[in-house]
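Just so we're on the same page: letters track the sequence lines, and every chain starts at 1. None of these values were measured; they are calculated from a predicted model.
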Number of protein chains: 2
Amino acid sequence: MANIKDVAKHASVSVATVSRFLNKKGYVSEAAKESIEAAIASLNYRPNQVARSLSTKRTNLIGLIVPDITNPFFPELARAVEDIALSYGYTIVLCNSDEKAEKEELYINMLTQKYVAGFIVTTNLLKAPHYEDVSVPIVALDRTINLSIPTVTTDNVEGARIGTAHLLACGAKNIVCMRGPVGLGLADDRVKGFIEATADKDVQTHIVECPFSFEASEKIAEKILIDYPDIDGIFASSDTSAIAALKVAQAMGRHVPNDLQIVGFDGVQLGKMVSPGLTTVAQDIYKMGAYATRMLIKMIEDTSLTEKNVTVSAELIVRGTTRKD
Amino acid sequence: MANIKDVAKHASVSVATVSRFLNKKGYVSEAAKESIEAAIASLNYRPNQVARSLSTKRTNLIGLIVPDITNPFFPELARAVEDIALSYGYTIVLCNSDEKAEKEELYINMLTQKYVAGFIVTTNLLKAPHYEDVSVPIVALDRTINLSIPTVTTDNVEGARIGTAHLLACGAKNIVCMRGPVGLGLADDRVKGFIEATADKDVQTHIVECPFSFEASEKIAEKILIDYPDIDGIFASSDTSAIAALKVAQAMGRHVPNDLQIVGFDGVQLGKMVSPGLTTVAQDIYKMGAYATRMLIKMIEDTSLTEKNVTVSAELIVRGTTRKD
DNA sequence: TTGAAAGCGTTACCAA
DNA sequence: TTGGTAACGCTTTCAA
């Protein structure tokens, strides 16, 4: 592999000039430009990023920390992040944290030692100390922050309100809300929206806590359908939980949507694949990822950030698990 | 951030000694060891990986090239790769190729400029010239190779045979095989297994080509159910296609499995979530990813590789889309 | 068992 | 406009 010295020699200029040319910084005469271009082409030269990073103390690596790429929400997010990152010449390092502080910390350390340019983080541990002394830019996604970390989120309260209202409009009178983990900001917000939408309405409601995993959701959905046999609606805090409820309900002989209506939250692709298709409050996942990535890159390249907290609005997608009249 | 020089000063030894200590290479006296350890602790020193890489011409970055992380097969694979990689101190860079040679090439170039340690690749473009002059180790996954690149795959022929045989055993007499793209090795192998299993049997068969995407599969499934209204079985070359067929069939009023039985291939988590649950020929996706990663790391650290081509066997998982008597 | 010093390939400052 | 050269932080060879 040719290096900058070879190029300089070939072009009969100094390495300093080649470097200036490469970075479009400082003066380079037309003549020099041309001979350098020729040298680069004939040697098939490609700058060594590692050497460059050692010198500049910066890479074009972005760390993407997600709880688990296996959870259907995150591949869609990762895709968006990767697309945008690539278009700016950045490359993404995938980190599964399992929501564990130690793993997040480990990754932060490993990547910091590599001069990572910044992080996009989806976690509920943002107050954890290991984020305090991260010296590179961070953007938080989908989960709320405590510090001054820029965020992009969906308006979860409003989304839940819309979803619940739709359930009501479709005639549900006895609704269970499968809420996400207590203490997790987005989950708390979604219950809040649910409560607001059902308050003062002629409906019976129950709230049950439920993790986002499919297996756990199945168990809880089963218990719900046994404990509250008369319910005619479920508002789930995630599509995964909603789909688990759908499956369990069908297995127990309930007809969806005639007998029981279900609304999910997230808008993952999966919702289209089940049958009937899942009615859900869809976040624009791709847009969130894209936005977060652009914000991060702005921070990295220190263009000043105009808005530090972006909210993307959620949108109701009516499919088959509710009765559209 | 403290550097190796600071540590050396603090421990009253030379940087060479610290380096030897850090890499457990060459002689370091007990006394030196202790004072270095103390210095590292008190300075909270962490080696700079970039500098190290510049010197060794190697990183602990592994490039994972997949067609699209959004396709349910790949997150499970990525998870396995990441888990194993992390346990060996490697970190993974996610690359979505969209099966496009240019994108693969772009990533290969970008990562090569970063001294990437190796690649794990899932592609059908392995014969493409851009893999020829990659100077770091590569392991191919799930797709067959042409060159001398080590591979881990499922025995697709045998898997398809088993899946088809199960359909037959459950009484299907008129089966459509939704085969994957012609020319794609794994897809060709799966049809081969299907043909072998149905040859000389008292069944009618049809073979229809179908991409792996959900949307395309839906359209094709619909056409199949219109063109061949009498079929009572579908053997799909991927779970995504199978699930699309399931959905379309249900929407058209067909009862699965009473009226129509379906068998998929892949074993993605999604298969558990639909209802009825999808009967499928499951690849052990996690194991494949884990195996590939271990092989790659062996090659990187140039322990000699004992087996260059590993085949993981596929296993039939019977759920609700076929009639288990 | 240890240390001096020459790389690794760039960037960027300073003088020319 | 240009070039010499000292960093960047580590590894590794060679001599001691």
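Phosphate contact (OP1/OP2 of D:dC8, side-chain N/O of B:N48, threshold under 4.0 Å): absent. Remark: B:R52 is in phosphate contact with D:dT11, judged by side-chain N or O atoms under 4.0 Å from OP1 or OP2. Taking 4.0 angstrom as the limit, A:K57 places a side-chain polar atom (N or O) nearer than this to OP1 or OP2 of D:dG9. Note on A:K25: every side-chain N or O is 4.0 Å or more away from OP1 and OP2 of C:dT11. Contact check, A:T17 against D:dT2: no side-chain N or O comes under 4.0 Å of OP1 or OP2.
For A:R20 against D:dG3, a side-chain-to-base donor-acceptor contact under 3.5 Å is present. For A:S55 and C:dG9, a side-chain-to-base donor-acceptor distance below 3.5 Å is absent, hydrogens and geometry of angles not being considered.
Comparing B:A16 and A:Y45, the nucleotide of DNA chain C nearest to each residue sits closer to the 5' end for B:A16. In terms of position along DNA chain D, the nucleotide closest to A:E30 lies nearer the 5' end than the nucleotide closest to the other residue of the pair A:Y115 and A:E30. Mapping B:S14 and A:N3 onto DNA chain C by nearest heavy atom places B:S14 at the nucleotide closer to the 5' end.
Put simply, CG on B:L43 is 14 Å from P on D:dG9, counting in whole angstrom units. When rounded to the nearest whole Å, the span between CE of A:M1 and C1' of C:dC8 equals 14 Å. The interatomic distance linking B:L22 (CG) with D:dC10 (P) rounds to 8 Å, in whole Å. In this structure, CD1 of A:I36 is placed 8 Å from P of D:dT2, rounded to the nearest angstrom. Distance, A:Y27 OH to C:dA12 P: 16 Å, rounded to whole Å. With rounding to whole Å, B:K9 atom NZ is found 20 Å from C:dT2 atom P. Between the C1' atom of D:dC10 and the CG atom of A:L54 lies a distance of 8 Å, rounded to the nearest Å. The CG-P distance, from A:N23 to C:dT10, rounds to 11 Å in whole Å.
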Go through the steps for B:N96 and B:Y107 under the test side chain to side chain donor-acceptor pair (under 3.5 Å), then give the verdict. CA-CA 9 Å; B:N96 290 109; B:Y107 269 118; over 6 Å; no
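When each of C:dA5, D:dT2, C:dT11 is scored by its nearest atom to the side-chain atoms of B:V15, the top-ranked nucleotide is C:dA5. Out of C:dT10, C:dT2, D:dT1, the shortest distance to the side chain of A:P47 is found at C:dT10. With C:dG3, C:dT1, C:dT11 as the candidates, the nucleotide lying closest to the side chain of A:T56 is C:dT11.
When side chains are defined from C-beta on, A:R52 counts as touching A:L22, because their heavy atoms get closer than 4.5 Å. Here the side chains of B:V139 and B:V152 are in contact, with some heavy-atom distance below 4.5 Å. Within the 4.5 Å cutoff, side-chain heavy atoms of A:D68 are placed close to those of B:R79.
Looking at heavy-atom distances under 4.0 Å, A:F21 makes no contact with the nucleic acid at all. As judged by a 4.0 angstrom heavy-atom cut-off over every strand, B:A32 is placed among residues touching the sugar-phosphate backbone only. Residue contacts shown for A:V50 are absent, as no nucleic acid heavy atom lies under 4.0 Å away.
In plain terms, the two heavy atoms of A:A8 and A:S14 that are nearest each other are CB-C, 3.7 Å. Closest approach of A:T70 and B:P75 over heavy atoms only: OG1-O, 3.9 Å.
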